[in-house]
4 protein chains.
Amino acid sequence: MKKIPVSILGATGSVGQKFIQLLSNHPYFVIESLVASERSAGKKFGDAVNWILPVPLPSEIASLVIKKTQETLSSKILFSGLDSSIAGEVEEFYANKGHIIISNSKNHRFDEFVPLLIPEVNHEHLELIRYQNYGGGAIITNPNCSTIGLAMSLKPIIDNFGLSDVNVVTMQALSGAGYPGVSSLDILDNVIPFISGEEEKLETEPKKIFGKYSEGKIEFSDLRISAQCNRVAVMDGHLETVQVKLKNNVCHGDIIEVWKNFSGLPQKLNLPSAPKQPIYYFTEDNFPQPRIHRNIENGMAVSIGRLRKCNIFDFKFSILSHNTVRGAAGGSILCAELLLEKEYMNAF
Amino acid sequence: MKKIPVSILGATGSVGQKFIQLLSNHPYFVIESLVASERSAGKKFGDAVNWILPVPLPSEIASLVIKKTQETLSSKILFSGLDSSIAGEVEEFYANKGHIIISNSKNHRFDEFVPLLIPEVNHEHLELIRYQNYGGGAIITNPNCSTIGLAMSLKPIIDNFGLSDVNVVTMQALSGAGYPGVSSLDILDNVIPFISGEEEKLETEPKKIFGKYSEGKIEFSDLRISAQCNRVAVMDGHLETVQVKLKNNVCHGDIIEVWKNFSGLPQKLNLPSAPKQPIYYFTEDNFPQPRIHRNIENGMAVSIGRLRKCNIFDFKFSILSHNTVRGAAGGSILCAELLLEKEYMNAF
Amino acid sequence: MKKIPVSILGATGSVGQKFIQLLSNHPYFVIESLVASERSAGKKFGDAVNWILPVPLPSEIASLVIKKTQETLSSKILFSGLDSSIAGEVEEFYANKGHIIISNSKNHRFDEFVPLLIPEVNHEHLELIRYQNYGGGAIITNPNCSTIGLAMSLKPIIDNFGLSDVNVVTMQALSGAGYPGVSSLDILDNVIPFISGEEEKLETEPKKIFGKYSEGKIEFSDLRISAQCNRVAVMDGHLETVQVKLKNNVCHGDIIEVWKNFSGLPQKLNLPSAPKQPIYYFTEDNFPQPRIHRNIENGMAVSIGRLRKCNIFDFKFSILSHNTVRGAAGGSILCAELLLEKEYMNAF
Amino acid sequence: MKKIPVSILGATGSVGQKFIQLLSNHPYFVIESLVASERSAGKKFGDAVNWILPVPLPSEIASLVIKKTQETLSSKILFSGLDSSIAGEVEEFYANKGHIIISNSKNHRFDEFVPLLIPEVNHEHLELIRYQNYGGGAIITNPNCSTIGLAMSLKPIIDNFGLSDVNVVTMQALSGAGYPGVSSLDILDNVIPFISGEEEKLETEPKKIFGKYSEGKIEFSDLRISAQCNRVAVMDGHLETVQVKLKNNVCHGDIIEVWKNFSGLPQKLNLPSAPKQPIYYFTEDNFPQPRIHRNIENGMAVSIGRLRKCNIFDFKFSILSHNTVRGAAGGSILCAELLLEKEYMNAF
């Protein structure tokens with residue numbers, strides 16, 4: 001099979017770099033163009049980037065000359081790690097030129113016909129793109145990094161037992177803030193009890209993700225969600241304490257069972273970036289932990305632990321997922337893999 | 001006024017060291033004896049202790065010879081920073097010898113006639129000690145370090161608006177685990193979503209603290225509490241996200257008002273360790289933070305921020321208090337100051 | 001005594017903030033004006049600053065309206081925490097207007113008639129300012145933060161035993177890079193073996209500091225110095241391993257003796273910011289440490305430990321000093337105190 | 001090829017765990033027995049161990065029943081991660097039973113006929129074991145974790161230009177202290193300028209490693225070495241600043257050349273754990289860094305950067321190597337691979 005060329009918008013940023021890492025040696029895709037701001041455009045990528053990942057920058061990528069935003073691109077699929085300050089406009093520009101953009105930015109997440117996609121959770125929402133008016137192009141969005149792990153842990157609960165309330169408190173990693181992001185002076189020996197805009201995303205995105213799709217429309221879920229977000233001195237991996245109120249009576253073991261058995265379309269299609277087992281449940285008292293569990297299944301699985309009865313809600317538990325892999329670049333690549341398999345590509 | 005001699009049980013431990021720091025130059029008290037385990041007894045304190053505080057060990061303390069547990073002590077008041085594995089027995093031993101013990105250990109917290117005391121919150125519970133059967137001695141306990149800040153933030157809410165539900169998620173400092181406590185290999189670039197026994201304490205202690213006292217009896221509060229506890233890479237200062245369901249309708253400004261105006265008996269009596277203002281409310285989005293706010297009022301005040309409406313409960317907010325000062329040694333010393341002022345000493 | 005008004009150039013930066021903290025309640029000085037860049041000028045300081053210190057911003061300072069660079073100032077003495085990109089020009093501008101500037105920037109450190117001053121080490125260099133041509137104004141500079149602690153530790157060695165070679169490796173704190181400075185993504189679980197320009201400063205500044213002053217000239221020292229600088233995940237306090245080759249034969253105890261007995265003009269004059277004891281020697285194997293010793297004498301003393309024979313040089317040891325207090329704002333204030341006492345003020 | 005059974009002494013410790021990780025799926029070796037102290041013996045490994053590595057414990061290892069020290073073992077090769085308090089005696093016991101022990105403990109490193117082995121540096125020292133008197137058994141030792149990276153960086157310099165003096169200052173990772181090792185209260189926001197016994201090892205081990213072997217004798221090198229060791233808040237990877245005085249005049253580029261071209265017997269024999277390229281030189285100002293470079297070549301290579309002229313020595317530079325892989329378990333496994341290839345096995 002000949003590899004499909006793809007391009008990366010916002011290639012020098014932290015999400016952009018993660019895209020490059022994950023697309024190196026990808027069985028379906030090969031990087032064709034890298035796009036970044038005026039400041040970097042025209043330079044070789046290796047000269048322009050402040051490469052922050054603990055793996056070497058591939059030399060064939062280092063020698064690519066960076067294109068500038070809105071320059072013509074030939075690959076159909078574009079992965080976007082653009083900053084939200086410009087992502088809205090640039091992504092529309094390329095969609096109108098006929099490209100399919102898979103974006104990590106918040107800008108288009110709540111557009112009527114834009115899927116907010118987690119392949120294991122709501123693959124049927126991908127149908128929405130048939131209703132977009134970009135003349136052959138399309139925009140697909142990834143949810144926020146803290147939403148993805150949460151939604152995956154809730155999916156089997158919703159499907160099997162029904163869910164009415166979700167209360168979540170996050171302890172989020174530094175890489176979620178991009179680079180340079182959080183100053184070391186603000187976080188060493190400290191926790192910051194605030195992340196701008198994050199609680200709103202966690203409280204609204206799951207309503208769309210868990211919405212019912214029918215003929216180009218999503219009926220939003222009536223799930224009640226409250227979120228509180230904190231930044232902690234962790235490199236990668238968002239830890240979240242979760243409390244749930246269910247619609248049906250279930251016991252402790254029932255929930256663990258549906259988590260362990262959870263599997264979605266990506267697993268069925270055996271997509272290359274899909275985790276073999278999307279959810280891991282740990283029985284150790286002090287698991288999951290960011291440093292120990294973030295890289296399970298190459299960072300694409302969600303780790304859960306500490307399921308127990310709650311005095312106020314029905315149950316409480318802790319979840320952990322890798323914010324820049326499952327929660328950003330890896331999640332987007334999985335969306336693209338799904339797109340290919342579902343043969344949407346032909347339709348565009 | 002001649003200073004009153006006091007002794008410290010468990011003097012070499014982390015709470016014991018904090019007692020020494022806070023009692024140096026105390027206007028009421030002077031350290032008479034230091035008590036520790038067999039391993040240290042008989043040595044000079046300066047030789048036996050692994051002093052971990054960032055202030056010098058006073059030389060007159062360094063030269064004190066450590067007494068062994070159950071050795072005869074002449075000071076009436078004993079502060080206990082003993083480990084819970086031995087605190088139960090040792091504290092009873094000394095109470096039976098006629099001493100008043102102010103303890104940070106969990107062992108006697110739920111004894112029928114033992115007050116679980118926060119001077120600003122439930123000073124009237126101190127009356128309980130008149131019902132103890134220690135023949136002149138008594139045991140008074142400090143709540144758990146994560147309970148104290150929470151209870152102080154809830155007290156004016158309960159008094160003014162009534163409270164039915166409390167949901168709390170903690171991000172607790174390393175010093176709460178004692179020394180050596182948490183291994184650096186377990187916490188660097190990590191969060192541990194579990195602290196043994198901590199959630200149970202947070203879910204039960206406030207029920208006694210907010211219980212109604214009447215003639216030697218405490219009628220426990222029916223407050224519904226759920227707690228989830230995490231350990232983070234912070235030296236001192238427990239940060240807690242709190243959600244509350246009130247009994248009466250109030251607006252945002254009402255709550256801030258009662259926090260700002262909150263004042264208790266220690267403030268009225270102008271006790272030396274009492275914070276002038278027990279609660280600070282910050283309007284900055286990203287406050288309170290452990291490193292910035294833990295030392296306000298010498299670590300004896302509680303800092304609060306981010307009060308906002310909640311989709312599930314009525315309100316949510318974040319609190320911060322110093323776990324080894326307000327939450328341990330400083331809180332105990334304030335109890336002792338109250339004891340003196342209320343002239344309980346004469347009764348014993 | 002009426003307090004002398006002073007102003008702060010670069011008041012919103014990290015050194016500027018430290019000046020504000022240290023000048024609050026200063027016995028000689030009172031802050032008159034705060035100067036910052038266009039972006040902040042005209043705003044109240046409390047609104048413009050991102051206050052990062054763990055002590056409250058004094059309200060009388062918060063309400064000061066920030067002046068813009070090159071605006072007329074009425075106080076004679078100006079403390080400068082300006083960035084080196086503009087410090088050169090701005091400091092000259094104010095010197096020409098008749099102000100005495102005490103600067104932390106590198107720009108004028110090697111000007112022929114500008115003293116590079118550490119009051120305990122080379123107070124006689126202050127005479128240089130009489131030779132400056134600023135028409136009543138003058139510029140005095142503070143050495144680099146990592147130089148000051150080193151120079152203080154070497155001064156009694158040079159005076160007593162002679163010194164030919166100094167080899168130093170630093171592990172420097174984050175606050176030395178200003179705010180936001182080092183990204184948390186660059187330093188968590190990491191060390192950076194490079195600080196731009198730092199090694200050059202450490203290798204050249206001591207030659208001027210230890211130079212012989214005579215009639216408006218400094219004959220630079222021929223000390224041979226090699227420096228290697230690293231950034232570590234420490235908030236405040238530069239730790240340095242030092243190796244020295246002496247001109248005379250001495251024993252271990254001799255060196256400790258001259259350190260313990262070291263005292264300079266600031267101690268003799270009893271200047272308010274002068275440490276009572278400028279150098280502390282610790283006999284513990286694992287001392288000094290940044291977190292434990294940086295605040296000794298309010299951050300104005302140097303802590304030393306681990307003096308031992310060296311296989312290549314004569315001796316090796318470790319030193320620790322507070323980089324933003326002794327190494328920046330505190331050091332500058334001590335220079336100003338010396339200036340007053342020496343009655344240079346009258347001459348200008 | 002049938003895999004060769006090996007056993008691990010001290011299997012539950014941090015080095016023991018690293019052995020297990022690195023020996024899983026090893027092409028030559030398969031783990032047969034795990035040996036640990038009385039406390040763990042008789043239990044299944046999965047129940048006895050506090051597994052701290054961020055990769056899952058293989059289930060076939062988890063179910064092995066731990067043997068007790070001095071229990072009979074059937075595998076010829078034993079890897080030892082024993083604590084030095086017992087390693088001396090236990091390793092001798094097993095050597096006398098005919099086993100070949102490859103040890104990370106210091107106890108036998110300076111025994112006359114025990115090689116202190118780094119396969120790329122002094123493979124010819126392996127001949128020494130023919131002179132041991134263990135009746136078919138033998139002891140081979142790995143140098144200290146901070147010595148190995150240093151020795152590898154010096155080897156091509158010694159061979160090509162001659163070396164007289166080495167000055168080294170280390171910033172060592174937490175995993176070097178074992179588990180639980182360094183308390184988080186001692187290292188957060190801190191550096192500890194002391195590691196017990198470490199400087200002595202760094203100053204003496206290279207003299208044996210670089211000694212000339214001839215007929216069962218090693219003539220120690222007369223290299224002059226001075227070391228200063230610090231502990232920093234880094235999980236894995238020892239960073240070292242190094243200064244060297246050479247016997248011959250060379251230029252900057254010559255040294256980089258010999259580093260880049262450095263290759264040893266393990267590379268020639270294509271041993272499975274041998275790095276393809278043992279030394280990486282980086283031209284970036286701020287490289288090497290522990291978090292970024294420790295895992296190059298699966299943690300078996302040494303990263304070097306910042307080579308520059310020195311005012312006192314000839315050159316200075318910074319090196320980085322993974323302390324528990326190259327510096328412990330990985331280094332030992334490479335020794336065992338060499339042992340097999342050199343067909344020493346037949347001789348025993």
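A note on names: the letters A, B, ... follow the listed sequences, proteins ahead of strands, and every chain is numbered from 1.
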Who among Asn230(D), Leu239(D), Asp165(D), Leu320(D) has the most heavy-atom pairs with chain C under 4.5 Å?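 Among the listed options, the one with the most contacts to chain C is Asn230(D).
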Residue selection (most heavy-atom pairs with chain C, distance under 4.5 Å) from Leu188(D), Asp236(D), Ile225(D):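 Maximum pair count with chain C is reached by Ile225(D).
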Chain C heavy atoms under 4.5 Å from Ile195(D): which part of the residue, side chain, backbone, both or neither?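 The answer is neither part of Ile195(D).
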Exceeds 12 heavy-atom contacts within 6.0 angstrom, atom CD of Glu284(C):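 Buried by this count: over 12 neighbours within 6.0 Å.
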Taking the side chain from Asn286(C) and the backbone from Ile192(D), do they hold a donor-acceptor pair closer than 3.5 Å?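 No, Asn286(C) side chain to Ile192(D) backbone: no donor-acceptor pair under 3.5 Å.
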Within the distance-only criterion (no hydrogens, no angle test), does the side chain of Asp189(C) pair as donor or acceptor with the backbone N or O of Arg291(D) below 3.5 angstrom?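 No.
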For chain D, which of Ser196(C), Pro290(C), Ala233(C), Gly237(C) has the most heavy-atom pairs under 4.5 Å?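 Of the options given, most contacts go to Pro290(C).
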Pick one of side chain, backbone, both or neither for [X], based on which atoms fall under 4.5 Å of a heavy atom in chain D.
X	value
Leu185(C)	backbone
Ile187(C)	neither
Val191(C)	both
Ser318(C)	side chain

Heavy-atom closest pair, residues [X] and [Y]:
X	Y	result
Thr241(C)	Gln228(D)	CB-OE1, 3.2 Å
Ser226(C)	Gln243(D)	OG-NE2, 3.3 Å
Asp186(C)	Gln289(D)	O-OE1, 4.3 Å

If contact means a heavy atom pair closer than 4.5 Å, which residues of residues 250-258 of chain D contact chain C?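 From residues 250-258 of chain D, none sit under 4.5 Å of chain C.
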For residues 305-313 of chain D, give me every residue with a non-hydrogen atom less than 4.5 Å from any non-hydrogen atom of chain C.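 Listed by number, the contacting residues are Arg306(D), Arg308(D), Cys310(D), Asn311(D), Ile312(D), Phe313(D).
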Chain D contacts: which residues in residues 143-151 of chain C have a non-hydrogen atom closer than 4.5 Å to it?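 When heavy atoms of chain D are the reference, residues 143-151 of chain C contributes no residue within the under-4.5 Å range.
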Heavy-atom contacts under 4.5 Å, residues 166-184 of chain C to chain D: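 Residues Val166(C), Asn167(C), Val169(C), Met171(C) are the ones that qualify, each having a heavy atom under 4.5 Å from chain D.
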Atom CZ of Arg294(D) and atom CG of Asn190(C): how far apart are they, to the nearest 0.5 Å?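 The distance works out to 7.5 Å.
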